[in-house]
Amino acid sequence: MKMKMFTGKNLKKLSVAVCALGIFAGAVVLPVKAMAAETKAPAVITLPTPFTKDGLTVMEALDRRRSSRSFADAALQEKQLSALLWAADGINRPESGKRVHPTTRGIYNIDVYAVMAGGIYKYDPKAHALNRVSPVDFRPQINAKQTFVHTAPLTLFFVSNPVPPRDPSHPVNPERQHANNCLVAGTMLQSVALVAASEGLGTCVRGSVDKAAFAKAAGLSKEQTVLISQTIGVLP
Ligand SMILES: Cc1cc2nc3c(=O)[nH]c(=O)nc-3n(C[C@H](O)[C@H](O)[C@H](O)COP(=O)(O)O)c2cc1C
């Protein structure tokens, strides 16, 4: 078989064709790659009514509470997601709208965000539902070093909002307010840890998070403060 040699003219044609193919492939492949972290998860996740009748006793759950930093590649059950969000910030007295956790001056100014494979969601305690604020899988950006959070099914973020002063003539002391916000978030974290222990799930409170990246990804305003995060997953 006679091999066709590439002449200078043919070579020029070939390189034009290769370039065109490269540009076409780039145009098609690159956007697909850039969108890879986005998912088609639902915009609203309506959670089932939280179970309050089963699980370990409080004393058993306290006995099992510990930090875990290794998780199986498995999803949480819907009822577990429901229980965890309800424990974090849910309403336990519908008649007054008061919640599972205590709070300063009865003002609920801490929002809970759920970072999952399907995006970033904000918890709505009244609807007991999650509303998506970003379709991006933010998990790999939470923390570069603690890689177990990159695949764990759920990381909660606790974000404080400014509160109005009790008396308009006396402005809120920002340091005191921040301390109060941290204390309230601590009570929320512990409830989540107890539900996780009761469900045989692993959990870890995590202060080392990229707060600025999360604020940007979740569309927070500059008045909002990322206080802490908490990762939850299935134990290996
Ligand atoms: C405010 C706070 C921040 C924390 N931040 C991290 C963190 O960024 N990464 C981590 O692996 N553990 C973190 N932890 C978990 C502690 O390391 C852990 O609670 C401690 O070592 C005691 O272990 P135990 O929870 O198993 O009892 C944090 C805990 C708290 C209360």
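All figures in this text were calculated on a predicted structure; none of them were measured in a lab. Atoms within a ligand are numbered from 1 in the order they appear, just like the ligands themselves.
The backbone N or O of Val149 lies less than 3.5 Å from no partner atom in the side chain of Arg139, so there is not a single donor-acceptor pair. Between the side chain of Arg206 and the backbone N or O of Ser208 there is at least one donor-acceptor pair closer than 3.5 Å. Under the 3.5 Å distance criterion, the side-chain polar atoms of Glu60 are matched with a main-chain donor or acceptor of Thr57. Formation of a donor-acceptor pair under 3.5 Å by the Arg99 side chain with backbone atoms of Tyr108 is not found in this model. Between the Thr203 side chain and the Thr231 main chain, a donor and an acceptor come within less than 3.5 Å of each other.
Using a 4.5 Å heavy-atom cutoff, the side chains of Cys204 and Ser68 are not in contact.
Within 4.0 Å of ligand 1, contacts by protein heavy atoms are made from Arg65, Arg66, Ser67, Arg69, Gln146, Cys204, Val205, Arg206, Gly207, Ser208, Ile228.
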